[in-house]
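In the text below, chain A, chain B and the rest are named by the order of the sequence lines, each starting its count at 1. Because the structure is predicted, anything quoted here is derived from the model rather than measured.
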Amino acid sequence: MAFPEPKPRGPELPQKRVKTLDCGQGAVRAVRFNVDGNYCLTCGSDKTLKLWNPLRGTLLRTYSGHGYEVLDAAGSFDNSSLCSGGGDKAVVLWDVASGQVVRKFRGHAGKVNTVQFNEEATVILSGSIDSSIRCWDCRSRRPEPVQTLDEARDGVSSVKVSDHEILAGSVDGRVRRYDLRMGQLFSDYVGSPITCTCFSRDGQCTLVSSLDSTLRLLDKDTGEMLGEYTGHKNQEYKLDCCLSERDTHVVSCSEDGKVYFWDLVEGALALALPVGRGVVQSLSYHPLEPCLLTAVGGSVHCWREEAYEAEGGTG
Amino acid sequence: MAALDSDSEEDLVSYGTGLEPLEEGERPKKPIPLQDQTVRDEKGRYKRFHGAFSGGFSAGYFNTVGSKQGWTPSSFVSSRQNRADKSVLGPEDFMDEEDLSEFGIAPKAIVTTDDFASKTKDRIREKARQLAAATAPIPGATLLDDLITPAKLSIGFELLRKMGWKEGQGIGPRVKRRPRRQKPDPGVKIYGCALPPGGSEGSEDEDDDYVPENVTFAPKDITPVDFTPKDNMHGLAYKGLDPHQALFGTSGEHFNLFSGGLDGAGNLLGDIGVNKGRKLGISGQAFGVGALEEEDDDIYATETLSKYDTILKDEEPGDGLYGWTAPRQYKSQKESEKDLRYVGKILDGFSLASKPLSSKKTYPPPELPRDYRPVHYFRPVVAATSENTHLVQVLSESAGRPRPDPGTHSRHQLNASKRAELLGETPIPGSSTSVLEFLSQKDKERIKEMKQATDLKAAQLKARSLAQKASSSRLQPSSPDTGPGSWHVALSGGTAATRASSFKPFVKDPEKQKRYEAFLVNMKRGQKDALERCLDPSMTEWERGRERDEFARAAVLYVSSHSTLASRFTHAKEEDDSDQVEVPRDQENDINDKQSAVKMKMFGKLTRDTFEWHPDKLLCKRFNVPDPYPDSTLVGLPRVKRDKYSVFNFLTLPETASSPTAQVASEKVPQPRGPDKSRKPSRWDTSKQEKKEDSISEFLSLARSKVGPPKQEAGPLVIREEEHETESPSDKNVSKGVDSQTEGEGSRPSMDLFKAIFASSSDEKSSSSEDEQGDSEDDQAGTGEADFRSSQEPDVVETSSVAASEPAAPEPAPSFPIQKMQMDEREAFGPRLPPVFCPNVRQQLEAPQKEKHKKNKEKHKTKKEHRRKKEKKKKHRKHKHKGKQKNKKLEKSSSSESVGSSGSSSAEEGTGGLSPQELLRRLKSLPLRRQ
C-alpha cells in the first residue's frame, strides 16, 4: 500500500427492519437483489415472479408465465432481462420492461432449483434436481443447452457463476467448481447435502452451507477449510447463505426463524437476528450496502443497519 | 466565342469558328449530354485505344477482336480436292490492329528498342531533359531522376569518355600499328590489348604501309570471351551472393564500378585470386539474410549514390589506377604463359601476375567394374531383413544358386541397412521402415510395447500351433522350440510362420496349403532344402517351379505385411458393440476416505478431486474465455467405454458401486435388510416397478377422482410413508450423531415398496417389523414425534401389508391408491423448501405439495429411483386432489417442528394427526382467510 487507508468503519450489520413486503404470492421461495441492489425479485409459490423496490416497498411488475412455483430468479448485469426457474422444469428468460417471456428453456427432467446469468447475460445456468446443470444460450435460438454438466450425483441445489467459473453445490455432498479457463473440474467433498454455495466477493473463497447445520468457508484453490460456522439450524430445508457486502460476515438463514451473522475471520457468532416465526427460507445481501432481505413465509423483510435513516418518503 | 454579328462590328476580331446559323424554323440542336460525350477511337469504337492484348479494356460486342462475335471461328473446310492447309495460329491471329500498331504489344513497324538505341541519343535526350528541368515549374525536379537512373549511361562510360574513349573503340592503350593489322592468331587468343607473343610484333614490322609515327590507334573493341569454367549447377550468368561480402561486410568500400557497370564482364575483371584481397561489391541477388549474418547492409545490393564516384579524384583507393583497367587475369592464365611479357607499356601499378590461376581440378570418371552390365533387370526381390534371412537362404539354395556369402554380398542383394552395416555406419533408428521415422519417440515406444506384447502372445500361440501342425504334417514332426534360447528365434522367424499359418493364401487347395505350411515350418527351422522337401514329388518340373515362386512370394508378402503393417495397426481393444456404453473416465471415489477426512476437518487434498473437464466451445465463447482445449472435440469429462450392462455404471453413488450387495439388490431379491447392507438398488432396478406403478397410479387416480379423497385413511398412509423414510441405514453419515439421526428420518424408497409389489405378504411382515425396529431406534434420539409415530405404527404395518398383497389386483382397495399417490408425491429430493405460514388457503394448498421433501441425507441414494416415478406421476397428481396432499402435510407437521406444522393446517383434513396447537392455529387463520 502506498499510503495508509482510512481506518475502516466497523462493519454494521443490518438489524433494523425498515420495510416489510407482503408479497401476496404464496410462499416466497427466494428473494434476490438485482445487480446493483436497487430492486429485488421475489419468487412465489403461486407461479409468479415479482419485481420490487424493496426500500420503498413498491411492487414494480409481476411476471407470470411459469407453470409451477418459481424457485429461483436472477437479474442480468444490465437489468434488461431476468431469468427464473421453477417447479415446472422450465427456465424462463424474461424481458424486464415488458414483462413478457422471451424464451422458455425446457430440458430439465426435474424442478429447477437455481438459475444464474453469467457475467454478460449470454448464458443462463440452471441447476435442477435432475442432478444436472444446463447452460442455456440466450443468444441463439437453439432449444438445447450449450452444455450439460451432469457430474453431480444428486440434485443440484445451488449454482453460482463468476467470470470464468461455475460453482455448484449438490445434494450428493460435493461442491463442484468448473473452471472454464483451466478446463478443470474441482470437486470438494463436504459430506452433507449442500444447500447453498457462494463465492466470496474477492473470489478467493467459497462458502458452503450444508444440511449438517454447518457453514464452511473453503479456500477456492486448494479446497482447504478456512472457517466453520455453526449455531444455526439447517437440517432439512434448502436455505440460503451469503457473505456480507465487504466479506466481513457470514450470513445464513436458519430454521429457527433467525438470521445468523458470524464474523468471517473469527468464526464467532456476531448476531442472531430474529426475523419471524417460520423458517427463514431465503435471503439476499445488498451488493454494496449493509442491507439484507429475508423471506419468511409469504413476506419479505428489508433490514438495514441501525444508523440507517430512510431517505425520502416511503411508498 | 464567335460573334454572330461580326459583320456589323467589323473592327472586332473574332476567334474560332462560328456556329452555323440556324435555318428558319429549325430548333437548336440539343447539346450532347454529358454521358454521351464519350471517348471513341478512330473507328468509332467506344473507349478503345488499345488492342485487346495491349490493354483494351472492354472486349466483346463492338469491341471484339475481328468481328462482332469476337474472334471469328474459322470454319474448317476440307475437301478431297481442296485440302485445308494446317494453319498454325500465332498470337497475332488473335490480336486486333491496335495491338499491332505502333503502341501495341506487337508493333509491326520497326522500332528501335532500348537495347539498340544509340547511347549518343542519350546525350541529346539529356540535354532536352536538362532544358526541361530548368524550365519546369520545379527547377531541378528531374535532377534526381538523372542521378538515380545510371543504368542507361553508367559512370564507367562517362569516365571512359572523359578519358578520351569513344564508342566503338576498344579499351586499352593506344597502339601505333594499324588496327586492321590485328589479326587474331588462331592459336593464341588475344584479349583486349594483350598482344600475341612473338610473331605479331614482327608482322607489324613487316608491314610496309605507311604509318605515321605519331599516330596511334585505339585498340579494337573486342568483347572478351569469358572462359571461366562453369563448374556449378546454377543457371547461366547466375551470380550468387558473395559470402565474403555478406559475412565480413564491405559497407565502407565503394563498388568497383567496372565490375558493376560492365555487367557481363563482371566475372572477367573481378576474380578471386588476383584482386589482392580487395573485396568486390556485391552484385547478384539473394533471397534473404541468414541468421548468422550480423550485418545485412549490403546483402541486397542496394545501389546508392554514395557508392559511386561522381568526381574524378586524385587519390584513388587501392591500386591507383584511376579507373583505368586492363584485363588482368588473362595475362597469367596459364603456366606456360608465365613468361609472357606484356608487350605494351606496363602501366604504373600494374605488375605481371606471378601466381598462376589455379585450375579447376577434374576427376576422371569412375572405372566401371568389368562385369558391369548397364541394363537393369528385375528379379524377385527378397529383402534380406532379419525376419526373412531364412527365406532368402532357402530360396537361393533351392534355386541352385550359390548362396552368397554374407561378407561378399553382391551389391544387388544388399539393401540400405546391409550396406550401412558394411560401411560401418551407425544404424539410423527407424530407417528400416519409412513411416516409423516420422513417428515420435513416444509413439515408437508404444508401438514397440504393443508389438512385444503381441509377439509374446504369438510366441505362445506358435508353440501351440506348432504342436498341432507337427502332428498333422506328413513331414517329420518338429518339436516346438520352447527353450528360452529359442525364444528369440521364435520372435524373428517364427512369428512369420505362425502368423502365416493364420494367413492362408491357398485355402482353396488344401493340399497346397498344407505344403505351404510345411514349407514355412521347414524354412523357419533353417532347412536349406525347405522348398524342395515340401513340394510334391509327383509334380512336374514346371509345377514345382511355379509353386516355388508362389510360396516364396506368399511368404514374403506375409512377412512384409506382418512386420510393416502389423506394427502400425492393432486390433481393436474393444468391439464396437452396442453392449458398450461410455462412462466418465474419472470417478469420484474413495468416499470413505473423504468422510473420515471431513470428520477430522481435514479439508483440502483429501477431499478434493480434480478432473480434466472440457467446456463446450460455445460456452467458452459466451464466457469470453479462451478454450482451454482448443484441439479437443470432447465436451465434458473424458469418457471411456464400459460394459453397458454392468450394474456399476449406473449405480448412482460410487460407494455402492464397490459393494457387492448392489448386485443383489439389482436382482430384486427381497432380502431383509441388515445394518451393513447397502440398500440402494441401481437405477435400472426400479424400472419395472415404475412401469407397474405408473399404470396402477393412473388407474388409481382415475378411481380417486370419482370416489373422492378418503380422509380417514390418510393418517395411516402418511405414517406409512414416514416409515419408509425412516428406514435408513445411516452407514454413511458418520459424523453427525444426533443430527444424523434426525436427518435420518428422511424418506427412502424402502424395500417394503418393492416387496409389496414383488414379494409375498409373509415376507413383508417380517421385513416391515424390522423396519419398525429400525424406526424406533432412530427415534431414540428423543425427537418428540417419536412417540406419536410409534403409536401409529401398527396401522402402518397393516396398511402396508394390505397394499403389498394386492399389487396386481385390478380393483384396488381404497387405501392402496392413496398410498401409491403418497409415494409419488415425494417429488423433491434434497433439502426441501420450508413450509409457509400463510393466511391464504389457496396458497397453502399449493405450498404443501412442494414441502414434501425428504429430510434424510440417505434419501439421495434412492432419489434417482424415485425421480422417474415422480416425474411421471406428478402430472397426474397435479391436477388431482389437493386434499390428499394435506395428509402429507400432516405428516410433515408432526415430524418437523411446530413452525412447519403451523402452516399445514387445513379445515378439510382429518383430525387424527393434528396436535392441539395446530387446531388452535387453524382457528386463528380461519377469519383471516375470510378477509
Side-chain angles (χ1 to χ4, degrees), chain A residues 26-27 29 45-46 69 87 109-111 118 120 122-123 129-130 135 137 139 146-147 149 151 153-155 157 163-164 171-172 174 178 180-193 195 211-213 216 218 222-225 228 235-238 255 257 277-279 281 297-298, chain B residues 584 588 591 594-595 598 601 603-605 607-616 618-620 622-626 628-629 635-637 652-653 735-736 739 742-743 827-838 840 843 846-847 850 853 855 857 860 863 867 871 896-897 899-900 902-903:
Chain A
R29 290 306 181 196
S45 60
D46 69 342
E69 61 174 349
K111 296 195 313 185
N118 74 333
E120 297 186 347
T122 52
V123 175
I129 65 161
D130 70 354
C135 311
D137 191 358
R139 290 272 175 88
V146 176
Q147 191 174 2
L149 317 176
E151 282 75 30
R153 295 289 180 177
D154 208 330
S157 54
D163 57 342
H164 65 284
V171 185
D172 65 1
R174 287 174 189 273
Y178 300 86
L180 272 83
R181 197 165 278 168
M182 294 171 66
Q184 301 232 282
L185 162 61
F186 303 97
S187 166
D188 287 323
Y189 184 77
V190 174
S192 181
T195 57
L211 277 192
D212 54 357
S213 296
R216 293 179 177 88
L218 303 180
T222 65
E224 287 163 7
M225 188 165 73
E228 199 175 19
Q235 291 167 353
E236 347 181 17
Y237 301 129
K238 178 188 173 303
E255 290 166 16
R277 281 181 299 171
V279 175
Q281 44 194 349
Chain B
E588 297 160 338
I591 280 283
K594 295 204 172 78
Q595 276 174 343
V598 166
K601 309 202 174 193
F603 286 90
K605 275 180 191 169
T607 58
R608 167 159 284 201
D609 292 312
T610 305
F611 307 108
E612 184 181 320
W613 174 71
H614 295 245
D616 193 273
L618 184 58
L619 193 65
C620 290
R622 294 282 184 259
F623 269 77
N624 274 335
V625 163
Y629 304 101
V635 171
L637 294 181
T652 52
L653 279 185
S735 62
K736 280 140 208 170
D739 288 353
T742 50
E743 286 173 18
E827 48 174 313
F829 311 96
R832 55 175 158 170
L833 295 169
V836 191
F837 174 70
C838 206
N840 193 331
Q843 290 169 0
E846 286 179 346
K850 285 113 205 179
H853 307 291
K855 324 167 226 176
K857 266 197 283 184
H860 323 304
K863 172 201 62 173
R867 195 188 299 154
E871 288 161 7
S896 61
E897 66 271 315
V899 177
S902 68

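Residues Leu149(A) and Trp613(B) approach most closely at CD2-CZ2, 3.2 Å, considering heavy atoms. Minimum heavy-atom separation, Pro628(B) to Arg181(A): CB-O, 3.4 Å. Between Phe623(B) and His164(A), the closest heavy-atom pair is CD2-CA, 4.3 Å.
Residue Glu120(A) touches chain B through its side chain alone, counting heavy-atom pairs closer than 4.5 Å. If you measure heavy-atom distances from Asp188(A) to chain B, the contacts under 4.5 Å come from both the backbone and the side chain.
Atom CG in Asp616(B) sits 9.5 Å away from atom CG in Asp137(A) (nearest 0.5 Å). Atoms CG and CD, from Asp609(B) and Gln184(A) in turn, are 12.0 Å apart once rounded to the nearest 0.5 Å. Annotation: the span from Arg622(B) atom CZ to Arg139(A) atom CZ amounts to 5.5 Å, rounded to 0.5 Å. From Glu224(A), atom CD reaches atom CZ of Phe603(B) across 11.5 Å, with rounding to the nearest 0.5 Å. Rounding to the nearest 0.5 Å gives a distance of 8.0 Å between CE of Met182(A) and OG1 of Thr610(B).
At least one donor-acceptor pair under 3.5 Å links the side chain of Tyr629(B) to the backbone N or O of Gly183(A).
The closest side-chain heavy-atom distance from Ser187(A) to Phe611(B) is below 4.5 Å.
Contact count against chain B (heavy-atom pairs under 4.5 Å) is highest for Leu180(A) among Thr122(A), Val146(A), Leu180(A).
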